[in-house]
Amino acid sequence: MARAASPTASSASASRCPASRTARSRRWSSSPSTAARPSGRTCASPPSAVGASPEGGARHAVALESRLLKEAPGMPNALSVSRMTGNRSTFPQWYQAINREADLSEVSPVRGCMIIKPWGYGVWEEMQRDLDRRIKDTGHVNAYFPLFIPLSFFAKEAEHVEGFAKEMAVVTHHRLKTVDGKLEVDPEARLEEPLIVRPTSETIIGDAFQRWIQSHRDLPLLINQWANVVRWEMRTRLFLRTSEFLWQEGHTAHATADDARAETMKMLEVYRAFSEETLAMPVIAGEKPENERFPGAVATYSIEAMMQDGKALQAGTSHYLGQNFARAQNIRFQSAAGELEYCHTTSWGVSTRLIGGVVMTHGDDDGLRLPPAIAPRQIVIVPMLRDKPEDAEVLAFGEALSKQLSATTTLGERTRALLDTRAQRSADKRWEWIRRGAPILVELGPRDAAAGQVTFMRRDALRNGDKIVSQAMPLAEFVARAPALLAEIQASLFAEAKARLDANIRTDIASFDALAEYFGAASEDDEEGEAFKGWVRAPWSRPTGAALETVEERLKSLKLTLRNIPLAQTGAGGSCLFTGAPAVEEVLIARAY
RNA sequence: CGGAGUGUGGCUCAGUCUGGUAGAGCACCGCGUUCGGGACGCGGGGGUCGCAGGUUCGAAUCCUGCCACUCCGACCA
């Protein structure tokens, strides 16, 4: 073992020092800024001390990947956690490590598709439950439409077709046959009309709307569907972009443009509130520039969230479709005046991508941190069992605690507590729950049982420097305070992310050159570590058509995109960053997922 | 689809240059000692080295083709 700088380290301390072990560490070992960094936690030797030692510690990958990273050098707006997660060059590895170590998801044998593991799916279920409530509270009802859409349906809206045609899964046959012991597609079983696997459901739902709507009394028609969709993506990443993903898609029809526009904005606001209140993920809501519109839409709005590497994630969209789909599909109603008119429709959706957003918003060196509102288990009790008589008391105490906690109400729901009685070692279980992001972790030992007290850790504030922070209080007090404590964790995660977002949107960039300097300089760095860059909010003249395309081209050279035009405008004047013309509003510019 | 890289037990990797019949740590199983900050000892189980051909007495290693994954582009929730 090449642990040159700490010759005294015992194997025991080495085992607690996983940072010293991956081959990755060699990548940074020559970096001057790494060597000086004090080792984290119980780790005795600096990362640079380690060479080719192949010792393992795979389960610690989240911690070890990130601990080795460079500090963001001299960045005024550097994230508080940028030394681990804010480093652009290692962020993808960190992201994948969390997916693996927090048991969220894994790539499947099917190209471009993922397996959402129970813990990750549990998070999705909590999201679904909360958002479904919000969707129903705004008057919508759930329904389900077919996975397969006849090609002819899909073909009706020209822009829509153009937007999705390149990423379509198509079903052409309905039978297999065995030839020489091998299964083959039966050429005899060709479908008369190919079916596409839905990439979105405007057309199949529009077809139903066309039949369901006759009178203005049938409007508004407010439908939502929870479903999977398929878009044949070239490049996929867990949760953020996969060929198949889960989502919710709302589809509504209205009598007037005003009503439909109001619906579009209402659902955008539902998404904003859901994202900020439930996911603790601050967002900026705004309108997409015309070239970023949903295919077939008159206007598209989005909420954009800032990830810990500074990139923007489109976290939800809401579209005003005008009468485009109504005309294409003959969705008409008879008005009070007796006239036949086309409906105005909307659609809006969020997907399992949000899970990726939560990971990249709240994750840290120790793994995932889940906002209590979406944590499948909010309080996990790990009993310290030692194969001794007092184990029974510890377990009994734990069961009582779990039961009492489950009788309380947190954030409007029954508190989700778990007594983890699995046979694994307590220490392993503790770290597993830390990596998974359980908001509160209770460690229950004989001393607690005897004293009738609860010792616990908050995942949002797990460490003070290198030390794990735990606190203790009497059972009754803990049970009484747990809901408030969880609410506090929810709030603190949001506050942390909100502060990061607010601190990293620059509004002082007044020219394209300045923009290029800010973003361009970093891209010339090698992969060793690009400094954190946030977003830029800049005045612009809202160019359209070819002029807008030119803007996009120039931004592309800097790997930048227009995210949205925030609804909340400051009214600041100035001249357009791109055209020099008088600005009419501000636009958000960022690198994006 | 272009550029770069990687495929070796569950995980992270060494071994490939210089062919000789597969390793480490962690994880897993058993026993014992431990146990409030990622325990220790002893003993085990698990890999046709991404796939298919080829060269060779012999291939993880050399050659050819293919596939998959990761990162960077193009495309997108």
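Quick note: numbers below take in every heavy atom, side chains included, and nothing from hydrogens, waters or symmetry partners. Not measured: the values here are computed from a predicted model.
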(request) Using a cut-off of strictly less than 4.0 Å, decide whether A:Arg430 has a side-chain nitrogen or oxygen near OP1 or OP2 of B:rG36. (result) no

(message) Categorize A:Ser351 for me: base, sugar-phosphate, or nothing, with a 4.0 angstrom heavy-atom threshold over every strand shown.
(response) base

(request) Please determine, for B:rA77, whether a Watson-Crick or G-U wobble partner exists with both distances under 3.5 Å, and give it or none. (result) none

(request) Could you please name the option among B:rC71, B:rA77, B:rG36 that lies closest to any side-chain atom of A:Arg237? (result) B:rC71

(message) Tell me whether A:Thr561 contacts the main-chain N or O of A:Ala590 through its side chain, where contact means a donor paired with an acceptor under 3.5 Å.
(response) yes

(message) Rounding to an integer number of Å, can you tell me how far A:Arg386 CZ sits from B:rG36 P?
(response) 8 Å

(request) Determine the interatomic distance between P on B:rC66 and the same-named atom on B:rA60; round to the nearest Å. (result) 23 Å

(request) Using ring-ring contact (aromatic ring centres under 6.0 Å, His included) as the criterion, list what pairs up with A:Trp232, not counting sequence neighbours. (result) none

(request) Applying side chain to side chain donor-acceptor pair (under 3.5 Å), name anything that partners A:Arg353, two or more places apart in sequence or on another chain. (result) none

(message) Going by side chain to side chain donor-acceptor pair (under 3.5 Å), name the residues that satisfy it together with A:Trp535, two or more places apart in sequence or in a different chain.
(response) none

(request) Send over the distance from A:Phe164 CZ to B:rA77 P, rounded to a whole Å. (result) 6 Å

(request) Consider the side chain of A:Glu167, meaning its heavy atoms from C-beta on, and name the nucleotide among B:rU12, B:rC75, B:rC71 that approaches it most closely. (result) B:rC75

(request) Rounded off to whole Å, could you give me the CD1-to-C1' distance for the A:Ile434 and B:rG36 pair? (result) 13 Å

(request) Starting from C1' on B:rC75, measure out to CH2 on A:Trp232 and report it in whole angstrom. (result) 15 Å

(request) Among the candidates B:rU70, B:rC28, B:rC11, find the nucleotide nearest to the side-chain atoms of A:Arg100. (result) B:rC11

(request) Report yes or no: does A:His362 contribute a side-chain atom to a donor-acceptor pair with the main-chain N or O of A:Leu279 at less than 3.5 Å? (result) yes

(request) Sort out the partner of B:rG58 for me: Watson-Crick or G-U wobble, both distances under 3.5 Å, none otherwise. (result) none

(message) What's A:Ser108 touching, base or sugar-phosphate or nothing? Going by heavy atoms closer than 4.0 Å.
(response) nothing

(message) Strictly below 4.0 Å: does A:Gln248 bring a side-chain N or O up to OP1 or OP2 of B:rA77?
(response) no

(message) For B:rC42, give the paired nucleotide (Watson-Crick: N1-N3 plus N6-O4 or O6-N4; G-U: N1-O2 and O6-N3; both under 3.5 Å), or none.
(response) B:rG30

(message) Would the distance check show the side chain of A:Gln225 and the main-chain N or O of A:Phe145 forming a donor-acceptor pair, the cut-off being under 3.5 Å?
(response) yes

(message) As a test of reading the structure: which of B:rC69, B:rG38, B:rC35 is closest to the side chain of A:Ala427, going by heavy atoms?
(response) B:rG38

(message) Using the P atom as the point on both nucleotides, what is the distance between B:rG47 and B:rA22, in whole Å?
(response) 13 Å

(message) Taking only the P atom of each, what is the distance from B:rA68 to B:rA39 in whole angstrom?
(response) 41 Å

(request) Measure from the ring centre of A:Trp247 to the centre of the six-membered ring in the base of B:rA77, then say whether that distance is under 5.5 Å and the planes meet at under 30°. (result) no

Validation: residues 157-167 of chain A side-chain donor-acceptor distances under 3.5 Å, sequence neighbours left out:
{"unit_1": "A:Glu157", "atom_1": "OE1", "unit_2": "A:Glu159", "atom_2": "N", "d": "3.1"}
{"unit_1": "A:Glu157", "atom_1": "OE1", "unit_2": "A:His160", "atom_2": "N", "d": "2.9"}
{"unit_1": "A:His160", "atom_1": "ND1", "unit_2": "A:Pro295", "atom_2": "O", "d": "3.3"}

(message) Taking B:rA59 as the reference, what is the distance to B:rG3 when you measure between their C1' atoms (whole Å, please)?
(response) 31 Å

(message) Over all strands shown, is A:Glu233 touching base, sugar-phosphate only, or nothing at heavy-atom distances under 4.0 angstrom?
(response) base

(request) Measure from the side chain of A:Arg231, starting at C-beta and using heavy atoms only, and say which of B:rG38, B:rC71, B:rA77 lies closest. (result) B:rA77

(request) With P as the reference atom in both, quote the distance from B:rG15 to B:rA77 in angstrom, rounded to an integer. (result) 43 Å

(message) Any side-chain to backbone donor/acceptor pair from A:Asp364 onto A:Gly367? Under 3.5 Å, distance only.
(response) yes

(request) Determine the contact category for A:Ser470: base if any of its heavy atoms lies under 4.0 Å from a base atom, sugar-phosphate if only primed atoms, P, OP1 or OP2 are that close, otherwise nothing. (result) base

(request) Find the distance A:Lys388:NZ to B:rG36:C1' and express it as a whole number of Å. (result) 13 Å

(request) Between A:Ala449 and A:Ser243, just flag the one whose closest nucleotide in RNA chain B comes earlier from the 5' side. (result) A:Ala449

(request) Counting Watson-Crick and G-U wobble pairs only, both distances under 3.5 Å, name the nucleotide matched with B:rC71, or none. (result) B:rG3

(request) Could you check which nucleotide pairs with B:rG36 in any of the strands shown, counting Watson-Crick or G-U wobble with both distances under 3.5 Å? (result) none

(message) Would you say the ring centers of A:Trp433 and A:Trp119 fall short of 6.0 Å from each other?
(response) yes

(request) With sequence neighbours excluded, tell me which residues meet ring-ring contact (aromatic ring centres under 6.0 Å, His included) with A:Phe456. (result) A:Phe478

(request) Measure from the side chain of A:Met384, starting at C-beta and using heavy atoms only, and say which of B:rA27, B:rG36, B:rU70 lies closest. (result) B:rG36

(request) Specify the separation, in whole Å, of atom CD1 of A:Ile98 and atom P of B:rU12. (result) 15 Å

(message) Suppose you measure atom C1' in B:rC1 against the same atom in B:rG58; what distance do you get, rounded to whole Å?
(response) 41 Å

(request) For A:Val107 and for A:Gln424, find the nucleotide of RNA chain B with the closest heavy atom, then tell me which residue's nucleotide is more 5'. (result) A:Gln424

(message) Roughly how many Å apart are B:rA4 and B:rU8, using the C1' atom of each and rounding to a whole number?
(response) 22 Å

(request) Remember a base hit wins even if backbone is also touched, and classify A:Lys556 as base, sugar-phosphate or nothing at under 4.0 Å, heavy atoms. (result) sugar-phosphate

(message) Tell me if a side-chain donor or acceptor on A:Arg435 pairs with a main-chain N or O of A:Asp103 at a distance below 3.5 Å.
(response) no

(message) Give the residues of residues 451-462 of chain A touching RNA chain B, defined as any heavy atom closer than 4.0 Å, sorted by residue number.
(response) A:Thr455

(request) Sort out the partner of B:rC13 for me: Watson-Crick or G-U wobble, both distances under 3.5 Å, none otherwise. (result) B:rG23

(request) Can you tell me the distance, in whole Å, between the NZ atom of A:Lys559 and the C1' atom of B:rC71? (result) 11 Å

(request) Name the closest nucleotide to the A:Arg425 side chain, picking from B:rA77, B:rG36, B:rA39. (result) B:rA39

(message) Could you tell me how far B:rA24 sits from B:rU18 if I compare only their C1' atoms? Round to whole Å.
(response) 23 Å

(request) Write down the distance between CD (A:Glu106) and P (B:rU12), rounded to a whole number of angstrom. (result) 11 Å

